[in-house]
Amino acid sequence: MSASRARSRSVRTCCVWCADWPVIAARRHDRALQGAALVVRERIGSRELVRAVSPEARAEGITRGMRRREAEARCPGVTIVDADPALEARTFEVVARAIESLTPRVVLERPGVCAFPTRGPARYFGGDHGLAQRVGEVVAEVLGHDREHIHVGIADGVFAARLAARSARPAEPHVVANGASATFLASWPVRVLGDDALADLLERLGLRTLGDFAALAPDAVLARFGVEGRGLHDLARGFDAGPPVLVEPPPDLVEQVELDPPAARVDTAAFAAKGLADRLLARLAERGLACTRVVIEAETEHGERLSRCWRHDGALTPATLAERVRWQLDGWLTAHMISRDAQDLDVRERQDMEAFADVDLDTTTGALAVLRLIPDEVVPADGRQLGFWGGDQVGADRADRALARLQGMLGYDAVATIVVQGGRTPAEQVRWVPWGEPREPRRPLVVDGEVPSWPGAVPPPAPARVFEPALPAQLLDAVGRAVVVSGRGEQSAPPARLRCAALVSGDGQVVSWAGPWAHDVRWWDTDGHRRRALWQVVVKGDGGAADAADIACLVAVEGGMAGVEAIYD
Amino acid sequence: MAAVVVENSGVPRRDALALAHLAEIADRVRPLVAATERLLPVPGLLGDALPNGGLRRGSVVTVDGVAGMGATSIVLTLAAAVTAAGEWAAIVDVAGTLGGRAAAEAGVALERLAVVRAVPANKWSTVVAALLDGFAFVATDVPVRCRIGDARRLAARARERAATLVALGPWPAEAAVRLHATTSQWHGLGDGSGLLARRDLDVRVEHRGVPVHTQLRAG
């Protein structure tokens, strides 16, 4: 990857991680589980695996990912409950609300983990350390005696922040200094990238840590592991700019549904939400977009507005989006029911419970009347949309693989796509964008709905061969002197002959011409200032029948030197 | 359908009427995935001049002509037809002189066009072979010293991958279709006045050695 690959800087992010969240959620739900050795299991296929472990059970030697039977063998008295993602999400809502009192930009990753950019709040709370401390306190307040599970980390980018949170101790946030993410990441094992197949391979190659992986040449990684490998390599090097290409979400893509009668039950609201999610993603797909972050918004019958942002690694599918909407609705609609059940508990516990149930859960006073999905972050989904006969996905993947191989072989800039942009000469009117970069012109053809004018621009048709720099040539008048242009932009004499190596015979007679168009390029700029004049000429060779054809050229004279800028091949 | 008298002998008759009937049946039960499925249609005058009106997948097409006769424009027209059909196209621009604006004006879907620029001579055949793996249409400048062995290998690769290889320049090996841009005539430019507006191209199309002549109007 060459230096020209512009990388936007990673966004400084704070990540809050509540360890063993399924355990906390289960205990919140059923207080009898408090203090017991507890395991949350999930079914994957026919296997029952341990999803989360309470500290008591961990002390007995049970770890995550273990078989249920093995866990029971290690600790015969262990209590086992089933995983309930909806419950986990619903319970996590209070943590999200607590953090929302500090920043409005909380993004939920999954129940137990959320993140937000620190830029604004860090200033307000006196730097990253102050902010991290404050976040820890606020969350500890609502979680009560589960405060031991809270980990807060701050680093550049979501990936590094997540790891910083994992390495933080409770009540002791880990703040990775600005720009030190690469060093921080270097000692982590490659497993944390979350791609087991790649991690296996890297370990077999002897690359055990992210530092080892990051030390590989980017071109080599791209050639060997493709685009996904390049993305993970960037993460390992501390570049975490989020999705590579962000597009401003079109404003009219908000999907909304009015619920009449208002939905007080989760399943009625979730049913409406399912259709909403399908519609939103279908409309995005129509425009070739996919959604990575979505804001779920609801209005209650009393007119309150609730909103929460969910993020997903990779594009949201209808199923994952509907799941998240359901979790969120569950969080809003049932959170206040928790406080009602807390009648006969002792005072300490009740206080804890009330704090947990969010001081002002009256935000959700009633049923939901309006439900809205707003795409917050959309990316182009070239690879996802189906082509006219379903072949585009396959075609795009094949093309991507071939080009990634070539970029590894020839260098990142060698494979390009064409972007047409504003400019005067054919060379200026095109930007060659390396494959994989956002296809954006440097000088857009349309700025804020207006078309900028380029006085003296060469009109269409455009030449098919453009020489950059121009090929040396001689533009001569009828008596054999070089044609030059005066300060007023007038030519010394009409052009009559053109000599250039690009012509077949090397020399031709000008049969028709137009010009000169004088360009005063960047006259305000002492370094970039150029003056040149352009002619369109049609040349015929002097020779036999083969030479009788027209050759159209674009000729420029600059500083007394002529050159062929382009041939209309 | 012609009325057919079938005798009860059970033996197929051999007269003209029966043969015509057989031909009609053969025409009806012909597999539908025949030529059209393997064809990338090219609209316009150029398509009319091509055999079956398009580019056959897996074949080699050569385009040649001295600079200024319109060979590059013909390649761009072909690329435009291919990308318009939803396929992906790649152009190997050995010298790095392809005009991007002209590609846009020819109607190429630029987001599905990859251009490989400034290819070193010793890597040219590897690059083209890699592109044939991933693209339905690969157009390439033919380098000055292109060996016939390389050319044949690439043609075989194109056939195997069902990709169309368009060679721009003197192609040393066999080709299904050869297009020769012979003359061009520009209109619109006067003696110190006017602008280049449109041109007529003369293209000689050679299909299995049989020449067809056509005149194109570009721009």
Side-chain angles (χ1 to χ4, degrees), chain A residues 382 387-389 391-392 395-403 405-406 409-410 413-420 426-427 429-432 435 439 459-468 494 502-504 511-515 536-539 546 548-554 566-569, chain B residues 65-73 75-76 85-88 90 95-106 108 110-120 123 126-127 130-136 181-186 189-199 202 218-219:
Chain A
D382 340 300
F388 198 52
W389 44 86
D392 207 11
D397 287 353
R398 271 177 64 193
D400 252 359
R401 273 198 298 276
L403 294 178
R405 210 180 130 207
L406 288 185
M409 194 188 331
L410 301 172
D413 295 334
V415 182
T417 61
I418 299 164
V419 176
V420 176
Q429 286 169 346
V430 167
R431 180 173 175 218
W432 297 90
W435 187 266
R439 299 185 67 240
R465 289 287 177 186
V466 176
F467 304 103
E468 224 183 338
L503 302 177
V504 208
V511 291
S512 55
W513 57 276
Q536 278 184 342
V537 298
V538 168
V539 177
D550 291 346
I551 300 177
C553 305
L554 192 66
I567 290 186
Y568 292 78
D569 185 27
Chain B
V66 297
M69 293 301 117
T72 312
S73 300
V75 170
L76 291 176
E87 293 286 358
W88 291 68
T97 57
L98 186 75
R101 187 86 201 219
E105 281 177 10
V108 182
L110 295 179
E111 66 280 357
R112 280 200 297 274
L113 175 75
V115 182
V116 185
R117 309 183 82 203
V119 180
K123 285 185 179 160
T126 325
V127 167
L131 288 172
L132 287 171
D133 281 351
F135 290 83
T182 49
T183 56
S184 95
Q185 177 96 47
W186 278 96
L189 198 60
D191 197 13
S193 63
L195 285 170
L196 290 175
R198 61 179 187 85
R199 74 161 151 193
D202 272 357

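All chains are named by letter (A, B, ...) in the order of the sequence lines, taking the proteins before the strands, and each is independently numbered beginning at 1.
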**Message:** Please find the pair of heavy atoms, one from A:M409 and one from B:V127, that lie closest to each other, and give the distance.
**Reply:** SD-CG2, 4.5 Å

Region of [X] in contact with chain A, defined by heavy-atom distances below 4.5 Å:
X      : answer
B:S193 : backbone
B:A114 : both
B:E105 : side chain

**Prompt:** What residue in A:V538, A:V419, A:I418, A:T417 has the most heavy-atom pairs under 4.5 Å with chain B?
**Reply:**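 Most heavy-atom pairs within the cutoff with chain B belong to A:I418.
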
**Message:** I'd like to know which of A:L503, A:I567, A:L403, A:D400 tops the heavy-atom pair count under 4.5 Å against chain B.
**Reply:** A:L403

**Request:** Could you verify whether a donor N or O on one side chain and an acceptor N or O on the other, from B:D202 and B:T183, lie under 3.5 Å apart?
**Result:**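 Result is yes, a qualifying pair exists.
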
Top contributor to chain A contacts, counting heavy-atom pairs under 4.5 Å, from [options]:
options                        : answer
B:A71, B:G194, B:G192, B:G99   : B:G192
B:L131, B:L110, B:L189, B:V119 : B:L189
B:P120, B:G65, B:A90, B:A102   : B:A102

**Request:** Measure the CH2-CG distance between A:W435 and B:L113 for me, rounded to the nearest 0.5 Å.
**Result:** 8.0 Å

**Prompt:** Out of curiosity, A:Q536 CD to B:L196 CG, how far, rounded to the nearest 0.5 Å?
**Reply:**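 Nearest 0.5 Å value for the CD-CG distance: 4.0 Å.
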
Has the side chain of [X] got a donor or acceptor atom that lies under 3.5 Å from a matching backbone atom of [Y]?
X      : Y      : value
B:T97  : A:F467 : no
B:R199 : A:A552 : no
B:E87  : B:A136 : no

Check each atom of [X] against the heavy atoms of chain B and say whether the ones under 4.5 Å are side chain, backbone, both or neither.
X      : value
A:R405 : side chain
A:V430 : side chain
A:P459 : side chain
A:A566 : neither

**Prompt:** Does A:R398 count as lying over the ring of B:W88, i.e. NZ or CZ under 6.0 Å from the six-ring centre, within 45 degrees of the axis?
**Reply:**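 Relative to the ring axis of B:W88, which defines the angle, A:R398 lies outside at least one limit.
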
